[in-house]
Amino acid sequence: MATAAKGVVLLDFWVSPFGQRCRIALAEKGVEYEYKEENLWDKSPLLLKANPVHKKIPVLIHEGNPICESLLIVQYIDEVWSNNPLLPSDPYERAQARFWADFVDKKVSECWTRLWKVKGEAQEEARKDMIEDLKLLEGELGDKQYFGGETFGFVDVAFVPLSAWFYTFETCGNFSVEKECPKLVAWAKRCMERESVSKSLHDPHKVYEYVCQLKKKLGVD
Amino acid sequence: MAEEVKLLGSWGSPFSRRVELALRLKGISYDYIEEDLSNKSPLLLKYNPIHKKVPVFLHGGKPVVESLVILEYIEETWEGDHAILPKDPYERAMARFWSTFVDEKCIPAIWMSCWTEGDMQQNFMIQSKENLSILEGELKGKKFFGGDAIGMVDIAAFFIAHWAGVLQEVAGISLINEEKHPILFKWIEEFMSSSIVMECLPAREGLLAYFQAKKEAIRATKAPVY
């Protein structure tokens with residue numbers, strides 16, 4: 001049964017994998033919240049006030065207090081709503097979860113920002129790095145159901161939104177995630193069986209369409 | 001019986017010094033192993049195969065890497081003395097936010113200000129000063145970012161208190177001074193006068209000589225050498 005939490009607002013952008021992390025976490029906890037779609041080309045006064053430092057989404061506003069940065073938001077949600085814990089209770093396991101979530105941001109997201117913007121040799125390098133990083137994540141997953149083991153956890157929340165971008169990565173980078181990392185593709189399918197995930201992610205072709213439009217708008221290509 | 005605590009670090013690394021500061025604040029004994037970063041040990045490569053960097057924290061033989069992840073681990077494992085994170089979830093989120101701001105915004109801008117030239121350098125210097133002003137705003141009349149006692153954000157900002165001054169001197173630029181950032185300047189004085197901080201920092205003259213010697217090499221690659 002959904003918890004009617006007092007004053008929870010999420011400032012977000014429909015296709016953002018970072019925003020989706022927060023939506024998934026809130027759904028896993030059964031927290032009701034108000035979703036506010038931001039126009040990133042015309043940011044609202046509320047967003048600029050709530051995140052004056054980075055001026056980015058997602059921002060979670062809870063009882064008037066803004067929390068920024070998606071992984072920090074997910075940790076906050078995990079600490080405030082203690083049902084269905086996303087982080088393990090053991091400190092060492094928590095450290096490993098934080099490490100891998102950080103890896104997704106420092107490596108995979110970083111590769112992606114290179115992959116779609118550059119051409120030629122630089123793109124080839126980005127492609128190689130991306131495949132290497134996805135393989136490392138696949139190695140961490142191993143034969144587990146989820147990165148969290150038997151239960152859907154912090155690293156799953158951190159990484160699963162990017163699975164909706166696999167088609168885009170593949171098309172821009174000219175490789176196949178299924179071929180390189182079949183276990184990751186199977187894991188993503190399992191995650192999509194969870195309502196929190198299927199209701200938060202968009203169709204991969206819609207994501208690709210968005211990126212094509214963005215490329216045109218920014219004059220990349 | 002308490003499990004063994006080890007730290008693989010590098011003398012000049014602000015990131016491994018952060019971990020040492022946290023351990024000392026909490027009164028945790030540890031074995032320190034100095035790494036030669038130009039010739040990385042099999043131990044380092046075994047325990048941090050992905051990033052191959054220091055610090056590597058070993059507790060009972062199990063490795064934790066990435067300095068902010070290590071700080072959270074230390075806080076959760078040794079709960080007794082000297083908390084470095086607040087108990088309140090919102091305050092914790094803020095502490096994590098500002099620590100990440102130091103790592104992702106302040107430190108790279110300061111570093112690049114020191115090793116670039118011309119317009120690029122000017123841009124990095126502007127960015128650095130802006131970021132430092134933003135950070136300074138977070139002190140809000142407190143003695144430390146952590147309040148009355150040194151906390152995670154203070155520990156993260158160790159680089160700003162000590163390394164930044166040395167790098168500015170090597171590069172011949174000024175980013176932080178009493179006039180531009182009076183509140184931050186006061187925090188640096190307060191922080192650096194802590195006896196535990198003083199135990200932990202690499203000698204200024206040594207750091208200065210180290211970066212002077214590597215000046216040309218760093219200018220060529222801009223890569224951090226600690």
Side-chain angles (χ1 to χ4, degrees), chain A residues 5 7-8 22 50-56 58-82 87-110 129 132-133 135-137 139-140 154-155, chain B residues 3 5 19 47-53 55-79 85-106 108 127 130-138 152-153:
Chain A
V8 184
C22 307
N51 191 357
V53 175
H54 300 301
K55 305 174 177 55
K56 286 183 180 178
V59 181
L60 185 80
I61 307 174
H62 182 213
E63 292 176 343
N65 289 327
I67 301 109
C68 310
E69 299 294 288
S70 62
L71 294 182
L72 301 191
I73 296 171
V74 174
Q75 284 185 82
Y76 175 83
I77 291 168
D78 204 37
E79 286 172 13
V80 172
W81 291 279
S82 53
L87 274 167
S89 51
D90 172 68
Y92 182 72
E93 300 301 324
R94 289 162 78 85
Q96 299 314 304
R98 286 183 174 122
F99 171 84
W100 284 104
D102 178 66
F103 178 88
V104 172
D105 275 358
K106 279 211 180 88
K107 296 286 198 166
V108 180
S109 295
E110 189 277 331
D129 289 344
E132 194 183 301
D133 293 338
K135 283 188 192 266
L136 282 167
L137 277 161
E140 173 56 19
F154 188 63
V155 182
Chain B
E3 285 180 303
V5 179
V19 179
Y47 288 121
N48 193 359
I50 290 175
H51 300 303
K52 303 177 176 53
K53 286 181 181 177
V56 177
F57 185 72
L58 291 161
H59 186 206
K62 295 199 288 193
V64 182
V65 303
E66 294 297 287
S67 63
L68 294 183
V69 176
I70 297 171
L71 292 184
E72 295 243 19
Y73 176 80
I74 289 170
E75 175 72 348
E76 288 173 1
T77 306
W78 289 275
E79 276 188 283
L85 272 173
K87 290 274 174 262
D88 173 71
Y90 177 68
E91 297 301 326
R92 287 166 87 85
M94 288 299 101
R96 288 172 178 143
F97 175 85
W98 289 108
S99 303
T100 311
F101 180 77
V102 168
D103 268 6
E104 291 178 4
K105 297 285 179 181
C106 299
Q127 256 183 64
E130 263 171 28
N131 290 336
L132 291 167
S133 292
I134 291 170
L135 185 65
E136 186 180 55
E138 188 46 26
M152 193 190 221
V153 184

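Atoms considered below: every heavy atom in the structure, side chains included; atoms not considered: hydrogens, waters and symmetry mates. A note on names: the letters A, B, ... follow the listed sequences, proteins ahead of strands, and every chain is numbered from 1.
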**Q.** Nearest non-hydrogen partners of Pro66(A) and Val59(A), listed with the distance
**A.** CB-CG1, 4.0 Å
Q. Closest heavy-atom contact between Val155(A) and Ala101(A)?
A. CG2-N, 4.3 Å
Q) Based on non-hydrogen pairs under 4.5 Å, which of Glu69(A), Arg94(A), Lys107(A) is most in contact with chain B? A) Arg94(A)
Q) At a heavy-atom separation under 4.5 Å, does Pro52(A) approach chain B through its side chain, its backbone, both, or neither? A) neither
Q) So which heavy atom on Ala50(A) is nearest to which on Cys68(A), and how close? A) O-SG, 3.8 Å
(Q) What part of His59(B) gets within 4.5 angstrom of chain A, counting heavy atoms only: side chain, backbone, both, or neither? (A) neither
(Q) Below 4.5 Å, heavy-atom pairs only: which of Val80(A), Ile73(A), Val53(A), Asn65(A) has the largest tally toward chain B? (A) Asn65(A)
Q.
Please give me the minimum heavy-atom distance between Lys53(B) and Asn48(B), naming the atom from each residue.
A. O-ND2, 3.0 Å
**Q.** Residue Asp102(A) versus chain B: region with a heavy atom under 4.5 Å
**A.** side chain
Q: Under the salt bridge (Lys or Arg N to Asp or Glu O under 4.0 Å) rule, collect the residues that match up with Glu136(B), sequence neighbours excluded.
A: none
